[in-house]
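Presented below is the structure to which this report refers.
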Amino acid sequence: MSSTESYSNDIDNVEATPSKLPDNRQREGDAALAILGDEPNRREITSIESARVLRKIDLWILPVILLVYFLQQLDKSSLSYASVFGIVEETGLVGSQYSWLTSIVYVAELVWQPVSSYLLVRLPIAKYLFVNVFMWGVVVACTSAATNFTGLVTGRFFLGIFEATVAPAFITITQMWWRRREQTMRLAMWMAMNGVTGMVGSLLSYGLGHIHGSYGHIR
């Protein structure tokens with residue numbers, strides 16, 4: 001078996017192979033260094049091997065980033081879609097209350113992002129991001145039960161708290177998994193989800209807004 005084929009098999013099996021760590025590197029989060037850092041023999045990675053690894057990363061990690069960022073922007077835009085179908089009248093919003101429902105998300109992000117940035121470097125990023133995305137989904141589901149300004153503004157505030165972690169975490173993950181020359185395109189792709197949200201979200205809101213049921217349009 002050639003060295004290239006041997007290394008390709010190592011790439012496929014690296015996740016299934018338990019790493020034997022001489023120190024606490026894995027506990028500190030640097031699993032790659034723990035596996036390769038003490039290897040006495042170095043070898044050059046060929047362009048074919050590098051491209052194969054890059055394709056695997058793009059296949060397994062990038063779609064998750066794109067989907068989550070798309071859903072985040074969809075949540076932020078959902079209030080404007082709901083306004084077309086009568087959220088102001090159904091929840092009795094008056095004065096500047098509707099404007100506060102939009103602003104409170106960004107106020108919450110401004111308040112929480114310094115704390116979130118600190119936690120990103122102190123906690124395992126995958127688990128921390130999972131908890132925030134899960135809680136963000138719980139908040140979105142609970143917001144559908146709100147019937148007045150107090151319930152809506154509370155839900156939107158916690159939505160901003162949990163969404164504040166997403167963008168910093170994705171930037172960190174992009175820097176961890178892609179080389180500098182590869183990062184620009186990946187950053188552009190998940191930032192482009194803002195535009196995709198505008199197109200898809202409008203169609204979704206139109207379809208959902210024309211569903212007539214006992215729970216009302218906005219829910």
Side-chain angles (χ1 to χ4, degrees), residues 14-19 21 23-35 56-82 100-146 150-178 183 186-194 196-197 200-201 204 218-219:
V14 67
E15 292 183 356
T17 303
S19 57
L21 305 182
D23 50 28
N24 62 347
R25 288 182 196 152
Q26 188 176 30
R27 180 167 51 83
E28 293 174 353
D30 200 345
L33 181 61
I35 296 172
K56 184 167 288 189
I57 294 172
D58 286 341
L59 178 64
W60 289 99
I61 298 179
L62 189 59
V64 178
I65 293 177
L66 297 180
L67 178 62
V68 174
Y69 202 75
F70 166 79
L71 294 175
Q72 181 194 37
Q73 297 304 315
L74 187 64
D75 285 341
K76 289 180 178 178
S77 305
S78 61
L79 185 66
S80 60
Y81 301 143
W100 269 110
L101 292 180
T102 302
S103 302
I104 196 64
V105 174
Y106 301 100
V107 172
E109 289 187 1
L110 181 65
V111 170
W112 187 249
Q113 274 197 349
V115 180
S116 180
S117 299
Y118 173 77
L119 293 175
L120 276 174
V121 300
R122 302 297 299 178
L123 300 174
I125 187 170
K127 295 180 177 63
Y128 181 61
L129 181 60
F130 166 77
V131 170
N132 279 271
V133 172
F134 177 79
M135 292 305 300
W136 147 36
V138 171
V139 169
V140 172
C142 293
T143 303
S144 64
T150 302
L152 288 172
V153 77
T154 302
R156 298 283 292 179
F157 178 82
F158 282 102
L159 184 66
I161 290 290
F162 294 118
E163 286 188 354
T165 304
V166 173
F170 283 173
I171 291 174
T172 303
I173 291 171
T174 302
Q175 293 173 341
M176 290 168 58
W177 284 94
W178 287 277
Q183 291 173 10
R186 277 71 189 177
L187 285 170
M189 290 174 69
W190 59 264
M191 290 297 291
M193 290 298 102
N194 292 327
V196 176
T197 299
V200 178
L204 285 175
I218 62 173
R219 290 171 179 77

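Just so you know, these numbers use all the heavy atoms, side chains as well, and skip hydrogens, waters and symmetry mates.
Contacts of Val64 classified as side chain to side chain contact (heavy atoms under 4.5 Å, CB included), with partners at least two apart in sequence or in another chain: Val68.
Between Thr143 and Leu159, every side-chain heavy-atom pair lies at or beyond the 4.5 Å cut-off. At least one side-chain heavy atom of Ile61 sits less than 4.5 Å from a side-chain heavy atom of Trp178. Between Phe162 and Val131 the shortest side-chain heavy-atom distance does not fall below 4.5 Å. Proximity of Asp58 to Arg186: side-chain heavy atoms (C-beta onward) are separated by under 4.5 Å at one or more points.
Taking CG of Leu187 as the start and CD1 of Ile171 as the end, the distance is 6.5 Å to the nearest 0.5 Å. Note that CD1 of Ile104 is 9.0 Å distant from CD1 of Ile161, once rounded to the nearest 0.5 Å. For the atom pair Thr197 OG1 and Leu74 CG, the distance stands at 6.0 Å (nearest 0.5 Å). Atom CG in Leu66 sits 4.0 Å away from atom CG in Leu62 (nearest 0.5 Å). Rounding to the nearest 0.5 Å places CE of Met176 at 10.5 Å from CD1 of Ile57. Interatomic distance, CZ of Phe157 versus CH2 of Trp112, reported as 9.5 Å (0.5 Å rounding).
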Assess the residue pair Leu129 and Ile173 against the criterion (side chain to side chain contact (heavy atoms under 4.5 Å, CB included)); give the C-alpha distance rounded to whole Å, side-chain angles, the decisive distance to 0.1 Å, and a yes or no. CA-CA 10 Å; Leu129 181 60; Ile173 291 171; 3.9 Å; yes

For Leu110 and Tyr106, run side chain to side chain contact (heavy atoms under 4.5 Å, CB included): C-alpha distance rounded to whole Å, both residues' side-chain angles, the deciding distance at 0.1 Å, then the answer. CA-CA 6 Å; Leu110 181 65; Tyr106 301 100; over 6 Å; no

Under the side chain to side chain contact (heavy atoms under 4.5 Å, CB included) criterion, do Tyr128 and Arg122 qualify, and how do the steps go? CA-CA 10 Å; Tyr128 181 61; Arg122 302 297 299 178; over 6 Å; no

Please walk me through it: do Val200 and Phe70 pass side chain to side chain contact (heavy atoms under 4.5 Å, CB included)? CA-CA 10 Å; Val200 178; Phe70 166 79; 3.8 Å; yes

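Formation of a donor-acceptor pair under 3.5 Å by the Arg156 side chain with backbone atoms of Val105 is not found in this model. Formation of a donor-acceptor pair under 3.5 Å by the Asn194 side chain with backbone atoms of Met191 is found in this model.
Counted by atom type alone, Glu163 and Trp136 present one or more donor-acceptor pairs between their side chains at under 3.5 Å.
Minimum interatomic distance between Ala146 and Gly151 (heavy atoms only, all atoms of both residues): CB-C, 3.6 Å. In plain terms, the two heavy atoms of Gly160 and Glu109 that are nearest each other are O-CG, 3.3 Å.
Below 30°, between 30° and 60°, or above 60°: for Phe170 and Trp190 the angle between ring planes is above 60°, a perpendicular geometry.
Heavy atoms from other residues, nucleotides or ligands lying under 6.0 Å from CZ of Phe158 number 12 at most.
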